[in-house]
Amino acid sequence: MPDAAVAASSSQATGGSTTQQVDVAVVGAGFAGLYLLHRLRKAGFTAIVLDEAGDVGGTWYWNRYPGARCDIQTIDYSYTFDPELETAWKWSEKYATQPEILRYLGFVTERYDLRRDIRFRTKVTAANWDQATERWQLATYDGATISCRYYIMATGCLSAPKPPEIDGVKDFKGEVYFTGRWPHEEVKLAGKRVAVIGTGSSGIQAIPLLADQAAQLTVFQRTPNFALPAHNGPAPADRAALLESDRATYREQARWSLAGVPWPQQTVVSWQLSDAERRERFEQAWAAGDLVYILTQLWADQAVDVDGNALICELIREKIHGIVKDPETAAALSPFDHPFGAKRPCLDTNYYATYNRPNVTLVNLRQEPIRQITASGIATDKRTFDIDVIVFATGFDAMTGAIMAVHPITGRGGKSLSDAWANGPQTYLGLTVADFPNLFMITGPGSPSVLSNMAVSIEQHADWVVDRLVAMKEAGFTTLEATQTAQAGWAQHMADCAALTLHRLANTWYTGANVPGKAWGVMPYTGGVGPYRSICNDVAGRGMLGFRLTGPNVAEQCNDGEIVRLQPDVRLVLGMLAEMNLPPIESLGAQGARDFLTEFNKGRPAGRPVGEVGDGMLQGAAGPLPYRLYRPATPGPHPIVVYFHGGGWVLGDEQSDDPFCRDMCRRTGMIFVSVGYRHAPEHRFPAAAEDGYAATRWIAEHAADLGGKPGPVTVAGWSAGGNIAAVTCQLARDRGGPQIAGQLLICPVTDCTFDRPSYTENATGYFVTRSLMYWFWDIYCSPADRTDPRVSPLRGKLDNLPQAFVATCEFDPLRDEGIAYAEALAAAGVPVEQLKGRGHFHSSLMMVDVVITGVGARAQMANALRRFAGLPESKHEGVGPGVAAPPHQIDAAAG
Ligand code: NA7
């Protein structure tokens, strides 16, 4: 039915009962549902909001337990769509209590006259897409039905409490409460023996207040959690002043930040700071009482690197031991099994100190699991506790629970959402699901949601959805549906993002691990609020990429594809480079380009410490050359890797790939000698190649003097350095040594033709451009010399060369010539392993601690080097993100 006709008859009789007809039905009257209703109405849609609760508030309607507060500062945890609303409401505390937040949502409801389109005490029980009318039919608990063009689930991420999964709950004769379904009337605990099961945010907020009231409080803890003091009070003056000074800018920065709160991105890495400096930063964060601050502002590697993270864990454990007097209790409260931030940390008020009270006991379920709940209390493996009241703070079936609570949701062709999500939620952008036309989720799985300030994420989603509905209406489309390609691409991008973080190392409700039988996977989008916003905008800007749109009088539109094919950190790096609007490197001249590279390298994180870094001179083909040597901290002598830096035979020096050399030195336990070979245009072909060969010979001859292991050396190089390494192997074979044990070629230049597809596909946009490569070639080598194997090793004789490991990157003009070289080596009988960096660009594998998704590839390259040198492989780190598959052996061609 066309929408105009629907609007004309808002209700229709069907089989004796009445079906309400609206453009849009929204489930949930919390933060999201209220704002959606406001926006939908303003955009001219008829809309209704349905909620099981008796009033507005969503999660804040249900979670009334003592101590319930938000744990994002309230000045950030607010609507921002209307500046007048912002000034009309004043929060009384840094972290508002549940009653105050509920009052705020009530205030918003009245201010925008929302109540008249909200149906309370209306539980939606089923939703069915009717292909014939292209409308959703919603069934409700009381029998009323709703027909809508668009169905939006604003059901919240933490609104379906999970059952306690403990035997005997029904036998208990005392009082039982769930934090997520706390009664409206006062719960009297004075004089009672109270048990709390669960020490997540809810338990940790409630426990100090329950301890105040109860005669005896026994806390049953399965997993200790990290909690930080909230230091609640008035909003901190500095944050409030920042907001007041320029509200619009503050809000805009929040929208583009990582977590939805405007804090800058931290750039200093932990190993650049002394113990004292790290402690100072930590103390400042502890005093700030702000989760987003401590999660993002200590050091840049805290959320992505196990070692950087462990430093924080240790400092927090120290705090716990400082507060809790009984050492055994302090130890039991100290988190041990997950990185800080991988499980939702908590903000508390007097939580740890509560365990110093005489009426509070902690039961460590890791040592004595609960056996069962009995009529009179709780029995563990070791003891029984007589209890009058049990408070379950056992959490939620997060992210998907409230969506799946409407059951069944049936999409195109009768497909049910529970079947579609049997192996975990599959979405496009966390907003839509393939095969479920016109269904939207607000902050659904696959969006930043619970890893962000929900207020910011909710507004972004609601705006995006309503803007799309308006655009569709204007263009005459009536249905919208994500494609399978787009959805699969999003799943890949989600996995790439998650692999960057430490969330994979914790069993939490983020991953579904808290619900028995639930599929495991990091459900929220971990790539950050700002990047996510730009992706959503990109989808719209690129003709609704990944969506199929249809309408009665318009041609179907489907601009299919994946919205992000780059690794997430590569996307950020390239985005930053694009924003810098740099002139093409080739326009700077050779010296200008060298200066640029020096400046550019100053901005990268300092490489990690190795045993020793020293400089020296070696003998090149036509005179002395500088080198830089990286020695492992382990006892030597170590096998030697001769390394050639990148830079198109024009740029760079023995120090310019410093972070990479350090990283590989640490990973391999081998000496890296980075060679400062001569550059063009001062020294054109074959100077660099001849230097490479001469330097390798010199290093092999002087291995013992360098503290290395005499015998065969290994060569490695990136880009033009990869070219030199490959050429060196050919020259060493033909000129009687030195002996080379193996060659690691990273994105190497191997040939002088530029007609392979990667040169066209990646001609621009990925930093190393086709035109830059032309420029390098022109400076280094005249056309007449280009087929010489000393610059185009692909044209050389390839048999009897050392075993090789060839790494290439997907978005690199040099990709295909690297692959061609690997294949040609294999065809010549050389053992070759190939690694194809999916979603990576030419510099990815060099950008240590920046392109973190390159870590898996670096681990594999390091193992290859160790193998070449006859060392045992170090512990395999698994297939890192951005690596299509474990490197595969190319079978040597028969004969
Ligand atoms: P959480 O964070 O999921 O915490 C639930 C707690 O309950 C957690 O400590 C669980 O231990 C514990 N739990 C769950 N089931 C059991 C059983 N069967 N036995 C013992 N202990 C159990 O939920 P919250 O309500 O506290 O917080 C949810 C979010 O709301 C919070 O992160 C904020 O974002 C707001 P486990 O860790 O699983 O071992």
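These numbers were taken from a predicted model, which means no experiment stands behind them. Indexing begins at 1, ligand by ligand and atom by atom, following the structure's order. Side-chain atoms are counted along with the backbone in the values below, which use heavy atoms only and exclude waters and symmetry mates.
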Quick check on contacts: which atoms of ligand 1 are under 4.0 angstrom from a heavy atom of [X]?
| X | value |
| --- | --- |
| Gly200 | 2 (O), 4 (O), 6 (C), 8 (C), 9 (O), 26 (O) |
| Lys343 | 36 (P), 37 (O) |
| Thr394 | 5 (C), 7 (O), 13 (N), 14 (C), 15 (N), 16 (C), 22 (C) |
| Thr223 | 36 (P), 37 (O), 39 (O) |
| Leu365 | 20 (C) |

Intermediate values then yes/no, salt bridge (Lys or Arg N to Asp or Glu O under 4.0 Å), Lys319 and Glu283: CA-CA 10 Å; Lys319 285 283 184 198; Glu283 291 295 347; 2.9 Å; yes
Sidechain-backbone polar pair: Gln205 side chain, Arg69 backbone, donor-acceptor under 3.5 Å: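 Checked: pair present.
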Side chain Asp51, main chain Val56, donor-acceptor under 3.5 Å: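 Judged by distance alone, no pair lies under 3.5 Å.
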Nearest to [atom], what protein heavy atom do you find, and at what distance?
| atom | value |
| --- | --- |
| atom 1 (P) of ligand 1 | Trp509 CD1, 3.9 Å |
| atom 25 (O) of ligand 1 | Ser202 OG, 2.5 Å |
| atom 5 (C) of ligand 1 | Ala393 O, 3.3 Å |
| atom 18 (N) of ligand 1 | Pro164 O, 2.8 Å |
| atom 38 (O) of ligand 1 | Arg222 NH2, 2.9 Å |
| atom 23 (O) of ligand 1 | Gly395 CA, 3.2 Å |
| atom 30 (O) of ligand 1 | Leu158 CD1, 3.6 Å |
| atom 12 (C) of ligand 1 | Gly198 CA, 3.6 Å |

Residue portion contacting ligand 1 (non-hydrogen atoms closer than 4.0 Å) for Cys346: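 No part of Cys346 comes within reach of ligand 1.
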Within reach of ligand 1, part of Ile166 (heavy-atom separation under 4.0 Å):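 For Ile166, only side-chain atoms sit under 4.0 Å from ligand 1.
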Sub-4.0 Å heavy-atom approach of Phe220 to ligand 1: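 Phe220 does not count as a contact of ligand 1 under the 4.0 Å cut-off.
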Candidate with minimal heavy-atom separation from atom 15 (N) of ligand 1, of Arg366, Arg344, Lys162: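 Among Arg366, Arg344, Lys162, the closest heavy atom to atom 15 (N) of ligand 1 belongs to Lys162.
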Pair Arg193 + Asp388, salt bridge at N-O below 4.0 Å: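 The answer is yes: the pair qualifies as a salt bridge.
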Salt bridge present between Asp463 and Arg255 (N-O < 4.0 angstrom):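 The answer is no: the pair does not qualify as a salt bridge.
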Smallest separation among heavy atoms of Ala285 and Ile294, with atom names: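 Scanning both residues completely, I find the closest heavy atoms to be CB-CG1, 3.6 Å.
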Trp464 and His461 aromatic centres sub-6.0 Å: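 Centroid distance Trp464-His461: not below 6.0 Å, so no.
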Centroid separation His338 to Phe226 less than 6.0 Å: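 That pair passes the under 6.0 Å test.
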Test of proximity, Thr199 against ligand 1: N or O pairs below 3.5 Å: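 N/O-N/O distance under 3.5 Å: yes.
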Test of proximity, Ser201 against ligand 1: N or O pairs below 3.5 Å: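 Min N/O separation from ligand 1 is below 3.5 Å for Ser201.
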Stepwise side chain to side chain contact (heavy atoms under 4.5 Å, CB included) test for Tyr104 and Phe31: CA-CA 10 Å; Tyr104 171 70; Phe31 256 97; 4.0 Å; yes
Enclosure of Tyr141 OH (heavy-atom neighbours >12, cutoff 6.0 Å):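 Atom OH in Tyr141 is not packed in, count stays at 12 or less.
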Gap separating the CG atom of Asp76 from the CZ atom of Arg251, nearest 0.5 angstrom: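 So the CG of Asp76 and the CZ of Arg251 are separated by 6.5 Å.
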Min side-chain heavy-atom separation Thr223-Arg366 under 4.5 Å: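 Counting from C-beta outward, Thr223 and Arg366 do come under 4.5 Å.
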